[in-house]
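Just so it is clear: chains get the letters A, B, ... in the order the sequence lines come, proteins before strands, and each one is counted from 1.
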There are 2 protein chains.
Amino acid sequence: MDIKKKIEKHNIKATIARVSLLEIFSQAQKPLSYEDIKPELKMDKATFYRNISLFIDAGLLNSFESNDKKRYFELKSHPHAHFICRVCNSVECIDNLNITLQEYQIENIIINGLCKQCTVRK
Amino acid sequence: MDIKKKIEKHNIKATIARVSLLEIFSQAQKPLSYEDIKPELKMDKATFYRNISLFIDAGLLNSFESNDKKRYFELKSHPHAHFICRVCNSVECIDNLNITLQEYQIENIIINGLCKQCTVRK
DNA sequence: AAAAAAATGCGACTCAGTCGCAAATAAGGA
DNA sequence: TCCTTATTTGCGACTGAGTCGCATTTTTTT
């Protein structure tokens, strides 16, 4: 089981709850909010957040806030930016965008505005 | 009264509550959260949020989420990015960063990571 | 000045996220 | 295998941002 090893590599015990949680993120193609995950969640809300924090601290997960007050989580794979549409609230991953800032260490970039579809409709 | 005119320009009635609210943002040098504003707030929480939404829809204010689960508001003046530090949670305005995305309309950019001070301390 | 429309305050509510604690599960000896 | 200890989990209660309906106040219109 690949995921189990991935967890244990970070000195975290691979409990059933944790493996199933990371599995959800592995199968997703884009960031997920608690609301997205809730239906298929087999653990308590508190446990969910505790494990999410654990994964974030370990560097396995990334989290950021949308403009619609939702917090999104995703697997920390390759660094990339996220575009969040003000109108339709969709979240898109933006690759091939390289920004550097002197003396700052960038971990995530969120761009707010109008997505392709919503720009056209204006 | 400058602020009053600014509000009325957007077809919004310049009530006392609204003028006082925009005044707070005019005097601030950086984005403010509800928590920051609360002490000097003279209106009800509901009214505050209603007026904030109004200003945002009118394009007078900008809002974005920090990584510490707080929502920040600021006057929409010149377009610029924001840097939020994962460690000290400080919010900094980043000028002279120009990013363009084909077919997307960018309204705000939030960069998460480690700020200058916290990068050094690592 | 009266009637209609908009803005506000109030209270109740929702929902994400947190915390303490007790029960359950896992790990480590002897 | 049994006992002890450390971790993890579920449960319930709680906080705090943000929303909603409704009655009251303020503003606008006729």
Does A:Lys45 contact C:dG17 through a side-chain donor or acceptor facing the base, at a distance under 3.5 Å? yes

Can you label the angle between the B:Phe73 ring and the B:Phe25 ring as parallel, tilted or perpendicular, going by 30° and 60°? perpendicular

Side chain to side chain contact (heavy atoms under 4.5 Å, CB included) between A:Thr15 and A:Arg18, intermediate numbers included: CA-CA 5 Å; A:Thr15 63; A:Arg18 289 174 185 163; 3.3 Å; yes

Phosphate-side-chain proximity, B:Thr15 and D:dT27, N/O vs OP1/OP2 below 4.0 Å: no

Ignoring hydrogens and angles, does a donor from either the side chain of A:Arg50 or the base of D:dG10 sit under 3.5 Å from an acceptor on the other? yes

Measure CD/B:Glu8 against P/C:dA7 and give the value in whole Å, please. 12 Å

So A:Ala46, base contact, sugar-phosphate only, or nothing? Heavy-atom distance under 4.0 Å. base

Phosphate contact (D:dA17 OP1 or OP2) by B:Arg71 side-chain N/O below 4.0 Å: no

Yes or no on side chain to side chain contact (heavy atoms under 4.5 Å, CB included) for B:Asn62 and B:Tyr72, after CA distance, side-chain angles and deciding distance? CA-CA 8 Å; B:Asn62 229 349; B:Tyr72 284 85; over 6 Å; no

Nearest whole angstrom, please: distance from the P of C:dA7 to the CZ of B:Phe55. 11 Å

Counting side-chain heavy atoms from CB outward, which of D:dG18, C:dA7, D:dT9 is closest to B:Tyr34? D:dG18

Between C:dT8, D:dT9, D:dT7, which nucleotide gets closest to the side-chain atoms of A:Lys13? D:dT7

Between A:Lys42 and B:Phe73, just flag the one whose closest nucleotide in DNA chain D comes earlier from the 5' side. A:Lys42

Roughly how many Å is it from OH in B:Tyr49 to C1' in C:dG9, rounded to a whole number? 16 Å

Within this structure, what is the CG-to-P distance between A:Leu41 and D:dT9, rounded to whole angstrom? 12 Å

Within this structure, what is the CD1-to-P distance between B:Ile52 and D:dG18, rounded to whole angstrom? 9 Å

Among B:Glu74, B:Glu92, B:Lys30, find the one that has a side chain to side chain donor-acceptor pair (under 3.5 Å) with B:His82. B:Glu74

Nearest of C:dA27, C:dA16, C:dT8 to any side-chain atom of B:Thr47? C:dT8

Separation of A:Leu54 atom CG from C:dT18 atom P, in whole Å? 13 Å

Under 3.5 Å side-chain donor-acceptor pair for A:Asn108 and A:His80: no

In whole angstroms, how far is the P atom of D:dT26 from the CE atom of B:Met43? 15 Å

Nearest whole Å is fine: how far is D:dG18 P from B:Glu65 CD? 7 Å

Closest of C:dC10, D:dC11, C:dT8 to the A:Asp44 side chain is D:dC11

